Amino acid sequence: METVKLHDKTFKTSIPFAEIETSVIQLAQQINADYQGRKPLFLAVLNGSFMFAADLMKHICVDCEISFIKVASYHGVSSAGTVSELIGLTENIQNRDVIILEDIVDSGLTLEKVVGLINARKPSSVKVAALLLKPEAYKKSIPVDYVAFKIPNDFIVGYGLDYDGLGRNLKNIYKIEN
Ligand code: 5GP
Ligand code: MG
C-alpha cells in the first residue's frame, strides 16, 4: 500500500482515486435527478473542496452555476465569541436553489456557520453535498443531503485536503498511520 510522508507524519492510502471517482459520479447523478428543471447555484467552500467541486461539476448536466466562497472567523471587538463572515459571495442568492459543496464534515461547526450565513441571504433552498462525513464526530442537526463517503474518525489528507498546508495535490485520499 502506498504511503506518503507530509511534514512529520506518514499517511497510507485509504480511498484510491478510482473509488472517489465512482462515488462522485453517483452523487452527481442524484443531484441531476433532484434538480431537473431547476438552475442550482453551487457554492464550493475553499480551499478543501476544489478537487471535489471540479470533478463533481463535470458530471452535472442540469443548467447550473458555480461560485467559490471562504469562511473567515475572527474575534469580534465587543464580544468574546467568534464572528464569521462569508468571503467571495458576490451573487445575489435570493430565490436561488443553493447547493453547498464541502470537502469534509467533522463536528459540523464549520457547516453550521456556512449554512447560517447563507440562509441569512434568503435563498429559496439550501442543500449540502459533502465528499466526506465523519458520522461519529458529527454533532449538529443540519442535514448533510449528499455524501460520497462516510468515514471513521481518522485524520485524512489528499484530494484537496491538507495537513498543515501539504497534501492537497494528492489524487488519492490517505489516512494517518498510527
Ligand atoms: P468541522 O467544523 O466539521 O469540525 O470541521 C470541518 C473542517 O475541519 C474541514 O473543512 C477541514 O478543514 C477540517 N477537517 C476536519 N477533519 C479533517 C481531516 O480528517 N483531515 C483534514 N485535512 N481536515 C479536516
Ligand atoms: Mg472545509
Side-chain angles (χ1 to χ4, degrees), residues 1-17 19-21 23-24 27 31 41-57 66-76 79-89 98-121 126-178:
M1 186 163 285
E2 192 202 348
T3 64
V4 292
K5 191 152 191 278
L6 302 172
H7 299 294
D8 57 329
K9 300 217 177 345
T10 308
F11 297 82
K12 60 180 186 224
T13 313
S14 168
I15 312 174
F17 177 71
E19 281 178 38
I20 300 173
E21 193 175 34
S23 287
V24 169
L27 205 154
I31 293 175
L41 169 64
F42 290 90
L43 294 177
V45 184
L46 294 174
N47 294 325
S49 73
F50 78 98
M51 275 204 194
F52 170 49
D55 285 343
L56 180 81
M57 295 306 286
I66 184 165
S67 194
F68 298 86
I69 58 173
K70 276 196 172 190
V71 190
S73 295
Y74 55 92
H75 291 283
S79 88
T82 309
V83 183
S84 298
E85 70 172 331
L86 280 184
I87 298 179
L89 184 56
V98 170
I99 304 174
I100 298 168
L101 300 181
E102 266 285 14
D103 52 355
I104 186 164
V105 178
D106 188 351
S107 71
L109 202 69
T110 310
L111 182 65
E112 187 180 60
K113 282 182 185 170
V114 174
V115 169
L117 291 164
I118 287 172
N119 273 330
R121 299 185 186 211
V126 177
K127 289 214 173 185
V128 178
L131 176 69
L132 300 147
L133 171 69
K134 292 180 178 174
E136 294 156 31
Y138 191 55
K139 297 281 186 293
K140 305 292 177 183
S141 54
I142 294 162
V144 186
D145 306 280
Y146 305 96
V147 178
F149 296 98
K150 290 181 179 167
I151 59 166
N153 259 343
D154 301 313
F155 185 76
I156 53 107
V157 294
Y159 197 70
L161 290 115
D162 73 307
Y163 167 46
D164 204 6
L166 297 181
R168 294 194 195 277
N169 54 311
L170 300 170
K171 190 169 178 177
N172 307 311
I173 290 172
Y174 299 80
K175 73 172 179 186
I176 199 157
E177 207 162 54
N178 299 302

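Quantities reported herein were computed from a predicted structural model and do not represent experimental measurements. As the structure lists them, so they are numbered: ligands from 1, and atoms in each ligand from 1.
Between atom CE of residue M51 and atom CD1 of residue I20 there is a gap of 9.0 Å, rounded to the nearest 0.5 Å. Between atom CG of residue L27 and atom OH of residue Y146 there is a gap of 8.0 Å, rounded to the nearest 0.5 Å. Taken from CG in L166 to NZ in K9, the straight-line distance is 12.5 Å, to the nearest 0.5 Å.
For atom 2 (O) of ligand 1, the candidate residues are I173, T110, V71; the nearest heavy-atom contact is made by T110. Between the choices V114, I104, D164, L132, the shortest heavy-atom distance to atom 11 (C) of ligand 1 belongs to I104.
Residue contacts with ligand 1 include F155, since one of its heavy atoms falls under 4.0 Å from the ligand. Between D154 and ligand 1 there is a heavy-atom distance shorter than 4.0 Å. Using a 4.0 Å cutoff on heavy atoms, K134 counts as a contact of ligand 1. Within the 4.0 Å heavy-atom cutoff, I156 counts among the residues contacting ligand 1. For the pair G48 and ligand 1, no heavy-atom separation below 4.0 Å is found.
Shown are L89, V126, I66, L101; of these, the side chain to side chain contact (heavy atoms under 4.5 Å, CB included) with L43 is made only by L89. In summary, of the residues considered (T110, L109, V105), a side chain to side chain contact (heavy atoms under 4.5 Å, CB included) with K140 occurs for L109 alone.
Open room surrounds NZ on K171; 12 or fewer heavy atoms of other groups in view lie less than 6.0 Å from it.
Of all atoms in ligand 1, listed by their number and element, those nearer than 4.0 Å to a heavy atom of L161 are 21 (C), 22 (N), 23 (N). Residue-ligand proximity, S107 to ligand 1, at heavy-atom distances under 4.0 Å covers atoms 1 (P), 2 (O), 3 (O), 4 (O).
In this structure, F17 and Y159 have tilted ring planes: the angle between them lies in the 30° to 60° band.
Of the polar atoms of D162, at least one N or O is found under 3.5 Å from an N or O of ligand 1, judged by distance alone.
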